[in-house]
Structures are given as structure tokens and as C-alpha cells.
Amino acid sequence: MEAYNFKEIEKKWQDKWQDEPAFKAVDFHPTKPKYYILYEFFNVSGGLHMGHLKGTVPSDALARMKRFQGYNVLFPIGGDAFGLPAENAAIKAGVQPQQFVVSGLENALSQTKRIGLSFDWSRTICTSDPEYYHWTQWIFLQLYKHGKAYKTKGYVNYCPSCKTVLSNEDSQGGKCDRCGSDVIQKERWVWFLKMNEYSEKLLGNVDRIQMAEHLKEAQRNWIGKSEGMQVSFKVVNDKNDEVGNFEIFTTCIETIYGITFMVLAPEHDLINKWLPFIKNKNMVEKYKNDTAKRSALDRMADQKQKTGCVLEGIFAVNPVNGKKVPIYIADFVLAGYGTGAVMAVPAHDQRDYEFAVAHNIPMIQVIEGDCSKCAVEKKEYLVNGAKLINSEEFSGLSVKEAKNKISQKLIEMKLGKKQINYKMTDWPFNRQRYWGEPFPIIFCPHCGEVPLTEKDLPLVLPIVKDYKPNEHGDSPLSKAKNWMNIKCPICGRDAVRESDTMPNWAGSSWYWLRYVDPHNDKCLADYEKLKYWGSVDVYTGGTEHITRHVLYAFFWQNFLYEIGAVPSRDPFAKKYGSGLLLDDQGKKMSKSSANGVSPMQVIDEYGADVARLHLHFLSGFEDNVPWTYNGISGITNFIDKVWNLQSIIKGEEVTDKHRIDLNRLIKKVTEDYEEFKPNTAIAAMMSFIKMIKEDSYISKEELRIFLILLNPMAPHITSEIYERVFGKNIVNENWPKFDPQCLETESVEIPVQINGKKARVITVNRNVSQEKLLELIKQKYPELFADGKVIKKVIYVPNKIINIIK
RNA sequence: GCCGAAGUGGCGGAACGGCAGACGCACACGACUCAAAAUCGUGCGGGAAACCAUGCGGGUUCAAAUCCCGCCUUCGGCACCA
């Protein structure tokens, strides 16, 4: 028989699959149940790398298996094309982003085909197509109309290199997610989406989704729920006249008698209001300016040196005892969290302690413990049963009791209320860049913000020559005068458009909905179709998106649900995070670090089936794994053996000898594909082939079943052999079922332990009784009992193990 | 600092209370060959053996890589969150 020519054969099948009807999802299929498998769409800023192979192939395998199992499978793909990555790549290549994206997506998709992925190509979308971003803009318009989008001046993360505002999600660790520069805080006009309002609902999504616990934990930490008290403090001048008040948030109200100073974030608005009463205005202004200049990273780097500036001439009054304490501004207090102000209890909070030491502020201890070297914090006093001291009528109470009673007292005084805060902030949604969705908003000097009407959508991004960001951080669109200047639709006078664009996460925050109905020009997707396809059954992609894209997705889906545009709050029922593919230095393979091994290189040399199998035999789906060619010969060997099965076909039906192995294989492979464990599925198939080789024959029925089992991971070779042997296209086959009666052999090998140590192995009939088994052991291995010791106890796990205790 | 995950042969990794090292790579020997490659076969944690072995030290259990407690190391996430 001729050798397996993967080049010719893989090409043949890939061409066939371009238009394979079996891979097309059918809306409202009359008989088949639906199954929606989603792989994160490609960011169109470079070609594919091996990392994409790691993510896509097990999803493809699941899609192929589900089709065999009789499901109506939706397995689509598309391009995430707007945003900084694509724009920066276009700048680097010196071409227009429009051009760059079209060729980039085409390239990515053609590479995808060469991996043998069975996407439904008829549903391909691209976020920078007006047909698509029409609906991204429509969603923004709905957010705006429902009060979930607002423009305000605020301090936000800003990347001086990309010259644009960034969200917290885009500047994790104080570094720009795109270019790695240090992020600074800048006051700018910002479009915010009210994501914080959705915190509790997002926690609901996190609870309901099926996902690895550590990923859920990462999301919960990011949302950062904490329960405490919000308390109002009066502000007085040095003559004791009340000049204002402010609110603080605390989770440790039990320490309120320990307050010796108060701290506001330097950006806090009220400071300007109090300025007339502040005696050291210059120092205060200077501190505010210094803070503004420091990058987020700088601020974090000096955690031990707590800087700050006292507001001379005004004081805060402790509501429980009337005590006057100084007020500071300091950059360790964050403007964006809670109320941007805190009560400082140096005896019981380490940051307050360090600040007090640095600024020579006294301490008052109010909970038992040793505060001489550092603060006694809640993680200590909450567990050791310490009691309150120096706290008037609350002294002597346990912390838990005091928490309740002090809260109660403040609530009765109408100065406090229970409050839940979340770390997750509202989403800064505009970028001063060209390559994104234009905002459907007009600014009129007379009418203010005027949203476009829905029939004006899509608002098409104009093609401009100079689209690079400029030094002042103005948006490139502001220079496109013809586009910018417009008559106000209300009053008809001169007005301008919003010149900022949306961030690259906008288009990806709803794309799974569009696959359901990709060409609808009446709405984002037909409601009945959305109902039919429901939540994505299995969503796969990188874990690095877990606290960004996935949370944005939850947010938009909740909003769209609330306005009746989609039928469910949950975009995804189950999420698997694929591990990273690393280079030989242990670094992540990515387009940005240019260390990616091209999958095309591997496919050219070994073929797509070998590439698919090798990569997924290397490690588990969720594990990070360094790319290596080591071991690939084991896979080529396996593929050759599979090809050569054609020459040892004998008989039609499954032989008795192979029946159990085959049924076990069906069970194992089915479960492993379902659970994203391709590595052990492949191992099981190798073992099966080993057994077949030993026996030197395979019946037609065994071959048929084996080919179907292997097809999801190695679709090309299995399709070819199937066609040659059975004269049909394998895609129309049914997934084999195992017979539960045929999983077990009649005899079993049982390890015999003496006092917990393995001594012998005995082969007996399945389901033998303990008495009978013991008798057989005594007969066969009398030497184990030669010492004459009495058997004290026997533990027998049927068909598994027997342990004899003497 | 906080949260999380993981430490198993020369290597990638199985098993996740019940025979540790499945499956593969590498290696060694043998067959085929004039020879080599490819292929096939055999062996392959350590130890002469009793035994010892799943990062280290304890514990629970008839039985622990697996469960519990305390360390160490590595990786990932968050990071002054009041």
C-alpha cells in the first residue's frame, strides 16, 4: 500500500470542508437539539501562532463529536478587528487600518482552514464592518438612553505612549496592556459605562457559569465586594463653626473610638469647597499637583513611605464622642473607591499606622492586643476573641457585638448606613484613537449632548490619511472637519460629533449574539433565534481575558437582557480556559513578543493531523506548555499505524476478543472530548492500536468505530480512510455508543495486600465473594499464611483490592 | 502583602483514597540489512536483596501522589480597596 501523503489528502478534505453542509448550523432545526460552541475570535493584528492551535482544536473536536451525536452545532469564527492592537500593527506596517484588517482577517481565516477547523464559514463576522458595528453603536445608544453611559471629567488611567485613556482592566499592574508603558492618572473628559452598578449581577453570572474555581475566584477578587458602614463626619473650622461634612466608608466600624485623623484622596472634590478655611493652601495645592504627576506604578512602589499633607485650620468631628481630629490628604487613599475618604485608626490598620508614624500622629488602642510594633488588624483580632477597650459604653464587648451595636447607634443618629462597595469601577469607554467605533453622539452648544437616532446608524468611520495619535492626545477624528462638523438635529445650529472612539473591547462584548443572526439589518439578532440558540454551551479561550472581556460580556448581556433585547442574563453556560503555549524560554507565545512558532511551519512539515495530535498530546488543555518538536515522531508513527490499518482488515463484525477494549475506548474517548482532555483520549487510542497491532487484524466494524472516534482530533486521515474503505463521507456517521455490559472482563486481577503492603496478585472471576476469594488466596499462596498469625481483619473492595490485616 | 494553582522517572505527562509511573519521547539491547535509516521485538525510578521511592515535616486511614495541618519552591492573578 502506498504511504500516507498528507499534503495531497489534507488539501483535498480542507477544500471539501469549505462548503460542507454538515458544518453549517441550522436555525430552528426541526429535530436536532442545538449545541453552541464558541472559541474566542481572532484578534486581527497578526497571523496565527501555535497558541491558537492549542485553543481551537479541542473545541473543533467537541464540535465534530457533537455533530456525530446528532446535535445541530453552531461553531462560528470571526475577527476582532477594531482597537489598539490592530491600529498599532497597521501603523507599524505603514498601511491603512481598513486595508490591514481585511487582509489580516483573510490571512488568519485561511490559516484556520489549514488546521482543518470545521467552522461554519457562512457566519463569519468582523467587528470593524459597518454591518457589525452598526449594532455596537446601537447598544451604546441604548446604554446612553437608559442612563448607563455618561460623560464626565474624571481622573483616569492614561497611557502616555498610546496617548489614550485606559480602563482599569487595560492597565492591570499599572502598565498599559498594549505597550507596557507606565500608566499615569490624568483628568480628562471620559465616557463611562455604569459597570459598577452591575457588580452584584456579575457576581451572579460568576456563580452560575461552569468554570474552574480559581478563575471564578479571580473574577470575584476583581469585582471586590466588601460590606461595611458609610458614616458622615462633620467638618469644623478652628472656631468650631460647622463648615461642611463628608462621608467615609469602613469595614471596621468597631474601631471608631480609635480615630486620630481622617484622610481624603487628593483628588477629592470637597477640598476645593473647604479651601477658604484652609490655612496652608499652597502646600495643599502642591501636594495635589505632585500626586497628579505620579504614575500609578510610582504610587504603588512607595507603599512604605506614606506621603500626605494636613489641611490646616479644619477638623473632622468623631460622631460617637465629639472628638476633633485633623484631616489629611494623602495618595494612599484612592479617589475611585468607596467615598474617596477614610477614618484612620493607626492602632488597628497597618497603613494608618505607617502614616501616623511618618507624620507624628498619636494612636488610640481600642481593641486588646500589642500595638507597640505594628497595628493589630482585623485578621488578628477577629480570630482571637479580643475585646474592645477605651470605647465608652462598648468597652468589654466582643468585636462582633461591638460591630453591631456601634452600627446600630450610628444608624439611629442618622449619621451612618450599611453599605456595600465594589472595587470594580465604571468602565472608561472612550479612546483618543482613530481605529474604533465612532460614538453616535453630537455636541451642540445649545442643546448639549444629542444622541443620533437609530436610523442614522451605522455612523461610518471616515477614511482619513493621518490617523496617528498626536502629542496633545486629541483624537485623530477631530481633524476630519467634514465629518466632525454637523448641524444639530434638534435646533439646526452648528454642532460637532464626538471625536473619540470606542475601545477594542466594545465589539467583543456582544459578538456571540451576532453569530446567531450575522446579517440581520433590523436588530442585533433576531430574538427568536437568540432564544433558539440560547447561552453558549461551551466557551473556550485564553484565561488572560477572565477579568476583562468575560466581565464586560457579563455586563452587556445583563443590560441587553434588562432592555429585552436578549432572552438570558448568561452569555455562557460553561467556560474552559486554555493554557498558554510557551517558547523554549518559558515565555508566553504571542504576537507581541514575536516568538510565535507558526502553525503553518509545523503543518507544512508534518501535516495538520500530526500538528493537532502532537500539541494536544503534550499536556492537558488548561496547562501551560512549552512548544517542542520532541516526541512528534511518536505521533507520526501513530498516524502511519492508523493508515496501515487498511491492510489488515479481516472480517465484518467486532470480535469477542476486542469487544471489551473497544467499548472501553468509546467510553473513554467520549468522556475525554466532552471534558477537554484530548491528551488522555489520544493515549487511549494509541493503546488500542497497540493491541490491534499485536493481534494483526481489525474487523471492518472495529475500524469504522475507531475512525469515528479519532476523527474529531485527526479529521483528515480518518475521512480519507473512511472514504476508501466504506465509500462514504464520514461526516454523516453517528457517534458510537458503548454497551455498559461490555466494559468489564469476566476475570479480574486483584492485588493481595498483607497489612497494607502488596504481596501478590491473584486472577479470579469477577464479583467473587470475600470468603471465596480468601479461600482461593490461601490455596494459591499458602506461604502468605505460614507464619500462623491470626487474621484480625479483612478489607475487600470488590474487584479492586483485598487487604489482609494480621 | 493578599488570593489562587502546581511540585510524580533522564523528559512531556497518567492515575486524583485502592497494583504509582498509563501513553509517548529519549536511551540500551536484539531482529531485518553488506551497512545505515526506517520498521519490528525486548528492557527501561533506585536497590544485590529485604525494601526505598510522588518537594520537605507531621497527621487521619486497613490503605495517601490523592484528604488534613505546618513549611519550602515555582508559576499565575490582584495589589495602599479603607
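Labels below follow one simple rule: chain letters A, B, ... track the order of the sequence lines, proteins then strands, and each chain is numbered from 1.
I795(A) comes within 4.0 angstrom of a base, heavy atoms only. Base contact: N803(A) has a heavy atom under 4.0 Å from a base atom.
Taking atom P on both nucleotides, C68(B) is separated from A5(B) by 11 Å, rounded to a whole Å. Comparing the P positions of C69(B) and C23(B) gives an interatomic distance of 35 Å, to the nearest angstrom. Rounded to whole Å, the P atom of G10(B) lies 11 Å from the corresponding atom of G47(B). Taking atom C1' in both C75(B) and G55(B), one finds a spacing of 15 Å when rounded to whole Å. Rounded to the nearest Å, the gap between the P atom of G30(B) and that of A48(B) is 23 Å. Taking the C1' atoms as reference points, A22(B) lies 14 Å from C16(B), given to the whole Å. Taking atom C1' in both C3(B) and C25(B), one finds a spacing of 37 Å when rounded to whole Å. Taking the P atom of each, G24(B) and U74(B) are spaced 35 Å apart, rounded to whole Å.
Here the C1' atom of nucleotide A82(B) and the OH atom of Y328(A) are 18 Å apart, to the nearest Å. When the P atom of A5(B) is taken as reference, atom OH of Y576(A) falls 18 Å away, rounded to whole Å. Atom pair H214(A):NE2 and C3(B):C1' shows a separation of 12 Å (rounding to whole Å applied). Counting to the nearest Å, the P atom of G77(B) and the CD1 atom of I546(A) are 13 Å from each other. What separates CD1 of I248(A) from P of A82(B) is a distance of 12 Å, to the nearest Å. Rounded to an integer number of Å, the gap from E622(A) CD to G77(B) C1' is 15 Å. The interatomic distance linking W222(A) (CH2) with G4(B) (C1') rounds to 16 Å, in whole Å. What separates CD1 of I804(A) from P of C62(B) is a distance of 16 Å, to the nearest Å.
Which of G4(B), C80(B), G77(B) sits closest to the side chain of A218(A) comes down to G77(B). Side-chain atoms of V797(A) lie closest to G18(B) of the nucleotides C81(B), A14(B), G18(B). The side chain of S619(A) lies closest to G13(B), out of G13(B), C62(B), A82(B). Minimum atom distance to the side chain of L334(A) is reached by C81(B), of the listed G12(B), G4(B), C81(B).
In this structure, a donor-acceptor pair under 3.5 Å is present between the side chains of T251(A) and K378(A). E377(A) and H348(A) share no side-chain donor-acceptor pair at under 3.5 Å.
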Distances for protein N or O near nucleotides 41-52 of chain B N or O, under 3.5 Å:
from: C52(B); atom 1: OP2; to: K757(A); atom 2: NZ; distance (Å): 3.4

Worksheet item: Which dot-bracket string fits RNA chain B when only Watson-Crick or G-U wobble pairs with both atom distances under 3.5 Å count, crossing pairs get [ ], and | stands for a partner on a different strand?
Response: (((((((..(((.....[....))).(((((.......))))).((....))..(((((..]....))))))))))))....

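For residues 246-266 of chain A, the pairs satisfying salt bridge (Lys or Arg N to Asp or Glu O under 4.0 Å) are E254(A)-K403(A), with sequence neighbours left out. Applying the salt bridge (Lys or Arg N to Asp or Glu O under 4.0 Å) test to every pair with at least one member in residues 625-647 of chain A, sequence neighbours left out, gives no pairs at all. Applying the side chain to side chain donor-acceptor pair (under 3.5 Å) definition to pairs two or more places apart or across chains, those involving residues 213-224 of chain A are E169(A)-W222(A), D207(A)-R220(A), E213(A)-R220(A), E217(A)-R220(A).
In terms of phosphate contacts, R220(A) brings no side-chain nitrogen or oxygen within less than 4.0 Å of OP1 or OP2 of G77(B). Under 4.0 angstrom from either OP1 or OP2 of C81(B) there lies no side-chain N or O belonging to T251(A).
N637(A) is linked by a side-chain hydrogen bond (donor to acceptor under 3.5 Å, both in side chains) to nothing, counting only residues two or more places apart in sequence or in another chain. For H359(A), the side-chain hydrogen bond (donor to acceptor under 3.5 Å, both in side chains) test picks out no residue, with sequence neighbours left out. Qualifying side-chain hydrogen bond (donor to acceptor under 3.5 Å, both in side chains) partners for K690(A), counting only residues two or more places apart in sequence or in other chains: none. With sequence neighbours excluded, the residues forming a side-chain hydrogen bond (donor to acceptor under 3.5 Å, both in side chains) with E675(A) are K677(A), listed by chain and number. Taking the salt bridge (Lys or Arg N to Asp or Glu O under 4.0 Å) definition, one finds that R548(A) meets it with D177(A), sequence neighbours left out. Taking the salt bridge (Lys or Arg N to Asp or Glu O under 4.0 Å) definition, one finds that E674(A) meets it with K66(A), sequence neighbours left out.
With a glycosidic angle no more than 90° from 0, G9(B) adopts the syn conformation.
Using a 30° and 60° split on the angle between ring planes, W505(A) and Y552(A) fall in the tilted class, from 30° to 60°.
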Practice prompt. Between protein and nucleotides 19-26 of chain B, map the contacts as a letter string: B base, S sugar-phosphate only, - none, heavy atoms under 4.0 Å, written 5' to 3'.
Written response: B--BBSSS

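Cation-pi geometry between R760(A) and Y781(A) is met: the NZ or CZ atom falls under 6.0 Å from the ring centre, inside 45° of the normal.
In summary, of the residues considered (W627(A), Y629(A), F638(A), Y606(A)), a ring-ring contact (aromatic ring centres under 6.0 Å, His included) with H614(A) occurs for W627(A) alone.
Residue-to-nucleotide proximity on RNA chain B shows that, of N755(A) and G620(A), the 5′-proximal contact is made by G620(A). Nucleotides of RNA chain B nearest to G756(A) and G340(A) differ in position, and the one nearer the 5' end is that of G756(A).
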